[in-house]
Amino acid sequence: MESQYQPKAIEPQVQAQWARDNAFRAPDDSPKPKYYCVSMLPYPSGKLHMGHVRNYTINDSLYHFMRMKGYNALMPMGWDAFGLPAENAAMANGVPPAKWTRDNIAYMKKQCQAMGWAIDWSREVATCSPGYYRWNQWFFLRMREKGLVYRKTGVVNWDPVDMTVLANEQVIDGRGWRTGALVEKREIPMWYMRITQYADELLDSLDGLGWPEQVKQMQRNWIGRSSGVEFTLPYAAETAQRMNEGRGPHLDGGNTNKQGLAVFTTRADTIMGITFAAVAAEHPLATEAARNNPQLAAFVEECKKGGVQEAELATMEKKGMPTGLYVLHPFTQEPIEVWVGNYVLMSYGEGAVMAVPGHDERDFAFAKKYGLAIKQVIDVEGKPYSTDEWQEWYAAPGRNVASGKLDGLDQEAAIDAVAAELERIGLGRKRVQYRLRDWGISRQRYWGTPIPIVLCPKCGDVGVPDDQLPVVLPDDMVPDGSGSPLAKSPEFFETKCPKCGGDAKRDTDTMDTFVDSSWYFMRYTCPDAKTMVDERANKWLPVDIYIGGIEHAILHLLYARFWTKAMRDMGLVKVDEPFANLLTQGMVLNHIFSRRTAKGGIEYFAPDEVQVSTDAEGKILGATLEADGSAIDYDGIGTMSKSKRNGVDPQDMIERYGADTARLYVMEANPPTDTVLWSDKAVDGAARFLRRLWKMVHDHVSAGVVKPYPDPGPLPGDREDHPRELSKELKELRFKLHKTIEKVADDYGRRMQFNTAVAAVRELLNLYDDVKDRSPVARAVAQEVLENAVLLLSPIVPHVTTALWRELRPETRLLDQPWPAVDPDALVQDTILLVLQVNGKLRGHMHVPADATREQIEAAAMHDEQVLKFMAGQKAKKVVVVPGRLVNVVV
RNA sequence: GCCGGGAUGGCGGAAUUGGUAGACGCACGGGACUCAAAAUCCCGCGGUGGCGACACCAUGUGGGUUCGAUUCCCACUCCCGGCACCA
């Protein structure tokens with residue numbers, strides 16, 4: 001055995017052996033129970049970053065652990081290969097996205113292999129291959145047949161200089177990131193998937209999932225089921241006349257009602273407090289009112305400025321303008337003026353709201369700003385009410401006042417009464433409403449799945465027939481930032497209508513890449529299937545543990561759940577949910593540096609290109625570019641990402657220390673769910689530990705391997721007069737060993753907290769190191785400790801442990817070893833150590849027999865010197881005994 | 001703005017169900033080995049006071065519940081993630 005730990009020699013050799021043995025190929029037919037562990041597939045941005053290393057090492061450790069526990073484990077890998085960064089890279093260096101993407105995949109696959117992850121590469125999937133995305137197209141058409149796909153207009157960010165649609169990420173402070181131009185909202189036709197049809201099931205089946213509670217809560221809130229009342233505020237006579245003239249364009253989504261303005265509220269009990277109504281700038285009523293009101297038209301135009309991001313809309317100053325149009329209160333027939341508000345979203349509800357400034361904080365602020373009436377109609381336990389300043393309790397449920405027939409009713413009764421009355425007069429009813437909106441999947445981009453629709457002037461939208469799938473994306477194009485190249489390529493879009501055979505045009509939009517990631521984990525199970533999926537999917541699904549970043553807690557996970565249910569309803573798979581258990585990894589963060597370009601766009605700089613100045617506490621104050629010393633902006637810390645150029649490539653660490661050290665470092669540094677600010681300060685500690693482990697095994701093996709305790713057989717040099725009885729020291733070591741096996745199994749299997757598992761093994765080996773006994777029986781215990789320590793660490797550092805196992809048990813292979821068993825005999829203790837407290841403060845310790853009764857413990861504590869000292873002669877008021885833990889004397 | 005999460009020594013973190021705050025590391029300081037360096041090994045390492053035994057303080061801030069709170073409750077501050085076209 002080599003006396004020095006040499007990862008550079010060991011790792012390639014061990015990996016080559018795994019490859020020869022096909023060690024990680026998971027058979028579809030195995031008598032063992034399956035364990036399907038999947039990580040969110042990486043976007044092939046160029047190189048792995050530390051977030052990937054963390055993600056896949058967690059996955060890999062769980063794979064090995066469950067394999068040792070007797071499962072047929074499968075860890076697949078694929079590439080989320082469509083998307084925006086490939087187009088940006090193409091624009092920057094003139095290489096087609098296809099080539100750039102394939103090169104990146106090749107490089108990153110090598111990195112994955114160098115990390116030694118137990119990936120079954122025979123199942124590799126890349127979403128940009130026609131063999132994969134044809135099934136996106138095929139399923140899109142099936143969903144369309146079922147009415148789960150439909151077309152309507154949607155609002156996008158429009159860059160008026162580049163004449164192109166921008167992603168939210170490409171809008172910085174309301175301007176296009178390349179042009180610096182002010183972004184506008186623009187309505188375009190798009191394809192939608194009817195996820196709202198599954199809203200109830202998506203909500204209800206969360207309860208049974210083994211997911212973190214916080215993620216389930218986020219999804220519940222996102223879906224946002226609320227029950228309320230939908231009703232119509234009838235138009236006042238003059239308004240009705242204007243709206244009925246039909247000059248205002250009507251949207252096709254059923255948003256307008258010829259007789260009035262449709263609104264939805266969860267606070268129908270406050271209906272008597274309505275003092276005005278507000279509509280979105282895009283609402284037909286606003287359009288009509290603006291027709292001969294230039295000031296209002298200008299305001300409506302102004303509302304169209306800026307992007308479509310919710311965060312931007314929610315934080316901007318609330319502005320409004322009266323339309324001069326009126327609706328009537330459904331009960332009193334009092335006229336209510338309709339305002340246009342920049343905070344009313346056309347995409348949510350009806351695009352119109354009733355305003356009750358007396359009991360809604362936002363309406364209150366708006367009414368104050370524009371001098372509108374504020375009316376109290378709810379009383380909360382007699383708390384004071386004044387229209388001067390908003391108070392929290394104004395929005396709380398209470399009893400109705402100044403509300404006519406509703407007076408004295410509590411919230412529930414008032415809502416019921418209002419709903420009943422509205423229904424009686426035919427103006428409204430109770431309804432369940434969701435915050436969740438249908439999923440718009442059309443993207444005006446090149447590098448994605450083509451939408452398989454032909455637009456025929458005679459037949460309308462026609463689905464591409466199955467036998468003409470896939471609609472292949474040409475892979476030699478280079479986008480230029482001014483709209484999709486597909487829309488400029490007649491070779492792509494010119495086609496014949498599949499129905500009538502006449503000249504027609506393909507849809508040149510591509511699908512949202514969330515489509516790709518909604519079912520790839522199914523395709524892994526049958527990557528060569530001639531159908532979307534086959535029976536093998538039902539063998540492996542659901543995914544037993546899904547691992548990935550917390551940033552996907554809502555969108556990706558919700559879309560994949562929806563997609564799975566849609567596939568189930570078409571009989572393609574049998575599962576209701578794709579991911580039985582979920583481990584959300586915390587983000588790996590790094591500093592972000594940027595500067596504004598001359599054009600008004602933005603460019604980012606990698607932290608290693610930057611010199612920073614800090615204050616006394618190490619806080620970063622400013623930064624300069626190392627290359628030319630120019631000042632740039634420090635933008636704080638954020639997620640490692642390609643676009644912000646703050647990712648850290650693990651390659652340096654692998655080359656310097658080896659894969660095992662890199663793996664150990666990321667696993668022992670923090671719990672997997674923690675957000676971490678990137679640092680490699682402690683990586684030396686991981687390297688040191690592996691060297692130390694190597695040396696311990698080396699020193700032991702050099703004296704000859706023996707059979708491990710408790711059944712060592714005849715020991716070399718053993719004689720009749722050598723005691724087989726363990727010394728106190730060796731008993732303690734074995735106690736620690738078996739406690740550690742127990743703890744590490746719990747940490748891996750239940751807690752999924754690897755940092756504490758490593759710490760526990762470190763503690764064990766620290767104790768082992770202190771034992772200097774070299775007697776034959778001590779050597780058998782040493783063999784037991786080392787073998788088990790190697791097994792416990794093997795899921796995290798598989799290369800070095802493979803090499804060490806070969807020395808400890810030359811006739812066997814580490815990968816075939818089961819998870820070690822706990823020896824109950826080793827855990828038997830005669831005495832236990834109790835903590836002694838006086839008034840809750842630690843005052844001493846005491847050993848008691850393991851079977852001592854509460855009375856005996858109490859009596860012993862009351863005679864303890866320290867306890868008596870701190871009781872200072874006072875009588876005990878109370879004695880708290882927590883069995884196995886502590887005694888607290890209260891005086 | 002809304003939803004979800006976080007804050008513990010110089011640093012990463014531990015304390016799993018309300019029961020010894022700081023496990024295990026990193027960095028640092030001292031020492032051993034060495035011609036020297038690296039590597040390795042040993043000792044120390046939250047703060048304040050004390051020669052010391054020891055005492056007091058301390059888990060973002062301010063309150064509360066409890067024999068006992070890092071853990072539970074209330075109010076707040078700052079940071080991170082998401083907000084539907086980054087993936």
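Chain naming here is simple, since letters A, B, ... match the order of the sequence lines and numbering starts at 1 in each.
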Would you indicate which nucleotide in [options] comes nearest to any side-chain atom of [X]?
X: Asp746(A); options: U16(B), A87(B), G19(B); value: U16(B)
X: Glu551(A); options: G19(B), G1(B), G82(B); value: G82(B)
X: Asp747(A); options: C86(B), U16(B), C56(B); value: U16(B)
X: Leu555(A); options: C86(B), C80(B), C83(B); value: C83(B)
X: Met587(A); options: G1(B), G81(B), A84(B); value: G81(B)
X: Phe514(A); options: A87(B), G1(B), G19(B); value: A87(B)

Taking [M] as the reference, what is the distance to [N] when you measure between their [atom1] atoms (whole Å, please)?
N: U8(B); M: A15(B); atom1: C1'; answer: 10 Å
N: C35(B); M: G29(B); atom1: C1'; answer: 25 Å
N: C2(B); M: G68(B); atom1: P; answer: 37 Å
N: U40(B); M: C33(B); atom1: C1'; answer: 9 Å

Whole angstrom is fine here: how far is it from [atom1] in [X] over to [atom2] in [N]?
X: Leu764(A); N: A23(B); atom1: CG; atom2: P; value: 18 Å
X: Trp439(A); N: A87(B); atom1: CH2; atom2: C1'; value: 13 Å
X: Leu436(A); N: A84(B); atom1: CG; atom2: P; value: 13 Å

Trp222(A) six-ring centre to Arg561(A) NZ/CZ under 6.0 Å and within 45° of normal: no
Using the test ring pair (Phe, Tyr, Trp, His ring centres under 6.0 Å), find all partners of [X] that sit at least two apart in sequence or belong to another chain.
X: Trp439(A); value: Tyr559(A)
X: Phe689(A); value: none
X: Phe735(A); value: none
X: His552(A); value: His556(A)

Pairing pattern in dot-bracket form [Watson-Crick, G-U; both distances under 3.5 Å; | = partner strand] for RNA chain B: (((((((..(((......[....))).(((((.......))))).((((....))))..(((((..]....))))))))))))....
Sequence neighbours excluded - salt bridge (Lys or Arg N to Asp or Glu O under 4.0 Å) pairs with any residue from residues 685-698 of chain A: Arg692(A)-Asp769(A), Lys695(A)-Asp699(A)
Non-neighbouring partners of Met163(A) that pass side-chain contact (heavy atoms from CB on, under 4.5 Å), sequence neighbours left out: Trp158(A)
Test side-chain contact (heavy atoms from CB on, under 4.5 Å) applied to Gln391(A) - qualifying residues, sequence neighbours left out: Glu389(A), Trp393(A), Tyr394(A)
Would you mind classifying the nucleic acid contact of [X] as base, sugar-phosphate or nothing, using non-hydrogen atoms under 4.0 angstrom?
X: Arg437(A); result: base
X: Met511(A); result: nothing
X: Gln444(A); result: base
X: Asn766(A); result: sugar-phosphate
X: Phe870(A); result: sugar-phosphate

Phosphate OP1/OP2 of A39(B) contacted by Arg691(A) side-chain N/O (<4.0 Å): no
Phosphate OP1/OP2 of G82(B) contacted by Arg435(A) side-chain N/O (<4.0 Å): no
Report, one pair per line, the protein and nucleotides 3-5 of chain B atoms (nitrogen or oxygen only) whose separation is under 3.5 Å.
unit_1, atom_1, unit_2, atom_2, d
C3(B), O3', Asn221(A), ND2, 2.6
C3(B), O2', Asn221(A), ND2, 2.9
G4(B), O2', Gln214(A), OE1, 3.2

N-glycosidic conformation, G9(B) - syn within 90 degrees of 0, else anti: syn
Salt bridge flag under 4.0 Å for residues Lys369(A) and Glu317(A): yes
salt_bridge(Glu169(A), Lys644(A)) N-O dist < 4.0 Å: no
Arg692(A) (side chain) and U40(B) (base): donor-acceptor pair under 3.5 Å: no
Protein and nucleotides 12-15 of chain B: nitrogen or oxygen contacts under 3.5 angstrom:
unit_1, atom_1, unit_2, atom_2, d
G12(B), O2', Ala669(A), O, 2.8
G12(B), O2', Asn670(A), ND2, 3.3
G13(B), O3', Asn755(A), ND2, 3.3
A14(B), OP1, Gln753(A), NE2, 3.3
A14(B), OP1, Asn755(A), ND2, 3.2
A15(B), OP1, Arg751(A), NH1, 3.1
A15(B), OP1, Arg751(A), NH2, 2.9

Pairs: protein N or O with nucleotides 26-28 of chain B N or O, under 3.5 Å:
unit_1, atom_1, unit_2, atom_2, d
C26(B), OP1, Arg688(A), NH1, 2.4
C26(B), O2', Lys681(A), O, 3.3

Using the 3.5 Å cut-off, write out each protein N or O paired with an N or O of nucleotides 64-75 of chain B and the distance between them.
unit_1, atom_1, unit_2, atom_2, d
C67(B), O2, Asn888(A), ND2, 2.4

